[in-house]
Amino acid sequence: MSGSVARRPDGRWRARYRDAAHREHAKHFRRKVDAERWLAGVSVAQARGEWVDPRASRITVEQWAPHWLEGQVHVRPGTRLGYAYIIKNRVVPTWGRVQLRHIEHGDVVTWVARMSQTGLSPSTIRHTFRVFSLMLDLAVKDNRLARNAPKGVRLPRAEPAEKRFLSHRQVHDLARECGEPYDLVILVLAYTGLRWGEMSGLRVGDVDLGRRRIAVNRAVTEVSGRIVVATPKNYQRRSVPLPEVVMDRMHDLVAGRDREEPLFASPQGGVLRNGNFRRNVFDAAASRAGLAGLTPHELRHTAASLAVAAGASVKTVQRMLGHSSAAMTLDVYSGLFDDELSDVAERLSRAAATATADFLRTNWGLSLVEGDPDGSALGA
C-alpha cells in the first residue's frame with residue numbers, strides 16, 4: 001500500500017492511500033497524529049487480509065438483503081419464504097436504513113434484548129438472529145465487512161417443547177374418529193413417521209405392496225397459498241416399511257388407480273392441505289378421542305416412540321424418519337432410549353458376573369453363591 005499524510009490549506013490533515021486496484025481513498029483529520037494512526041491501521045488491515053473497501057460497506061441492510069436472499073437457492077421453497085418473512089417483518093424495521101459498516105456488536109445485543117422484551121419466543125429470536133447473521137456472513141465473504149458484528153451475541157435459551165406420544169389404543173381411537181378415508185392417513189402418519197408434506201406428496205405408484213414399503217421421493221409445501229413440490233426435508237429420499245395394520249387397508253386404497261394419482265387427496269381431488277384437514281377433520285376428531293390440542297406432527301413423534309418400544313435401534317429410527325444423522329435422532333428423541341441404556345447396564349452386569357464366576361472356578365475352584373452376583377459370599 002502506498003499512502004501519505006499532507007496538510008491542506010484549511011489546516012486539516014489529509015491521509016490518503018491506494019488499494020490493490022489503484023483506487024484512491026482519503027480521510028481528513030484535525031491532527032496529524034490521528035491521520036497517521038488511521039493510515040497505519042489501514043496498512044495493518046491490508047497486511048492481515050482484513051481490509052475492506054469503505055465504499056462497499058455503505059450499502060444499507062435493506063439493499064443488501066435481496067442479494068443474500070437470491071443466493072439461497074440450496075434451501076427449500078418454504079424455507080426461503082420463511083427467510084423473506086423474517087427479513088421483511090423483523091430485520092428491516094430495525095436495520096433497513098443502517099449501512100453495513102455502521103452495524104455494531106452492542107447494537108445487535110440491544111436488538112436481541114428488545115425482541116425478548118416484546119414477548120417473542122426464544123426459538124423465534126434465535127431464528128431471526130440466525131438469518132441476520134447469515135446475511136452479514138455473506139457481506140464478510142464479499143469483502144464488504146471485515147467482521148460479522150452479531151458474532152458472539154448471547155441468545156435466550158430455547159427450551160425443547162414437551163413431546164406427546166400416543167399409545168396404540170389412542171392412535172386407533174383417533175383414526176376411528178377421523179372416519180374413512182382419513183383414518184388411513186392417521187395410521188400412515190403414526191406408524192411410518194412421515195412428515196405431513198411427505199404424506200400429502202405420496203402417489204399411488206410410491207406404494208410397493210410386494211415389499212410392504214412406501215417410497216418417500218417428494219414433499220409438498222405451501223408457499224403463499226401455492227402448492228410447491230420439492231424433495232423431502234434434508235434431501236432424505238427413503239423407503240419406509242408398512243406394518244400389517246396399514247397394509248390391510250392399503251391394498252384397497254391403491255387397487256385399480258393410476259400410478260400418478262395422489263395417494264391421499266382432498267374431497268376435491270387435489271393435494272390434502274394440513275390447514276384444511278385440521279379445520280375440517282382432525283381437530284374435532286382429536287377432541288372426541290380425548291386428545292384435544294394434538295397436532296398431526298405429534299403423530300411423527302408417536303411413530304418414533306412406538307418403533308423404539310418395538311425394539312428399533314437409533315439407526316433404524318433415523319432411517320425411518322429421514323433424519324440427516326443418528327446424532328440428530330438422539331438430540332430429538334434421546335429420552336426414548338433411556339430404557340435401552342438400562343438394559344445395556346443390566347446385560348453388562350450379567351456378563352461381568354459370568355466372567356468373574358468363570359475366573360474363580362478356573363483359577364481357585366470356587367463358585368459364586370446363587371443370588372450373590374457381587375461375590376460377597378463364596379462357596380466352594
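Quick caveat, the model's predicted, so the values are computed rather than measured.
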Item to check | Steps toward side chain to side chain contact (heavy atoms under 4.5 Å, CB included) verdict (Trp196, Leu299) | outcome: CA-CA 10 Å; Trp196 180 271; Leu299 296 178; over 6 Å; no

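- In this structure, CG on Leu202 lies 6.0 Å from CG on Leu194, to the nearest 0.5 angstrom.
- Partners of Glu70 by side-chain hydrogen bond (donor to acceptor under 3.5 Å, both in side chains), not counting sequence neighbours: none found.
- Shown here for Leu187 and Ala175, the closest heavy-atom pair between the two residues is CD2-CB, 4.1 Å.
- Between Arg30 and Asp34 no salt bridge is recorded (no basic side-chain N to carboxylate O distance below 4.0 Å).
- By the ring pair (Phe, Tyr, Trp, His ring centres under 6.0 Å) test, Phe264 pairs with no residue at all, sequence neighbours left out.
- Atom CG of Asp248 sits about 11.0 Å away from atom CG of Leu242, to the nearest 0.5 Å.
- Partners of Arg249 according to the side-chain hydrogen bond (donor to acceptor under 3.5 Å, both in side chains) rule, which considers only residues two or more places apart in sequence or in another chain, are Asp183.
- Here Arg203 does not pair with Glu198 in a salt bridge; the nearest charged N to carboxylate O distance is not below 4.0 Å.
- For Ala158, the side-chain contact (heavy atoms from CB on, under 4.5 Å) test picks out Pro122, Ser123, Arg126, with sequence neighbours left out.
- Within the structure, the salt bridge (Lys or Arg N to Asp or Glu O under 4.0 Å) test picks out the following pairs touching residues 98-108 (sequence neighbours left out): Glu104-Arg147.
- In this view, Asp10 and Arg12 satisfy the side-chain hydrogen bond (donor to acceptor under 3.5 Å, both in side chains) rule, not counting sequence neighbours.
- Taking Pro243 as the reference, Tyr191, Val245, Val246 meet the side-chain contact (heavy atoms from CB on, under 4.5 Å) condition, with sequence neighbours excluded.
- Residues passing the side-chain contact (heavy atoms from CB on, under 4.5 Å) test with Asn89, sequence neighbours excluded: Tyr85.
- Residues in residues 294-316 take part in no salt bridge (Lys or Arg N to Asp or Glu O under 4.0 Å) pair, two or more places apart or across chains.
- For Glu162, the side-chain contact (heavy atoms from CB on, under 4.5 Å) test picks out no residue, with sequence neighbours left out.
- A salt bridge does not link Asp206 with Arg213: every distance from a Lys NZ or Arg NE/NH1/NH2 to an Asp or Glu carboxylate oxygen is 4.0 Å or more.
- Qualifying ring pair (Phe, Tyr, Trp, His ring centres under 6.0 Å) partners for His301, counting only residues two or more places apart in sequence or in other chains: His297, Tyr333.
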Side chains of residues 129-139: which donor-acceptor partners sit under 3.5 Å, not counting sequence neighbours?
residue : atom : partner : partner atom : Å
Arg130  : NH1  : Tyr83   : OH           : 3.4
Ser133  : OG   : Asn148  : ND2          : 3.3
Asp137  : OD1  : Asn148  : ND2          : 2.8

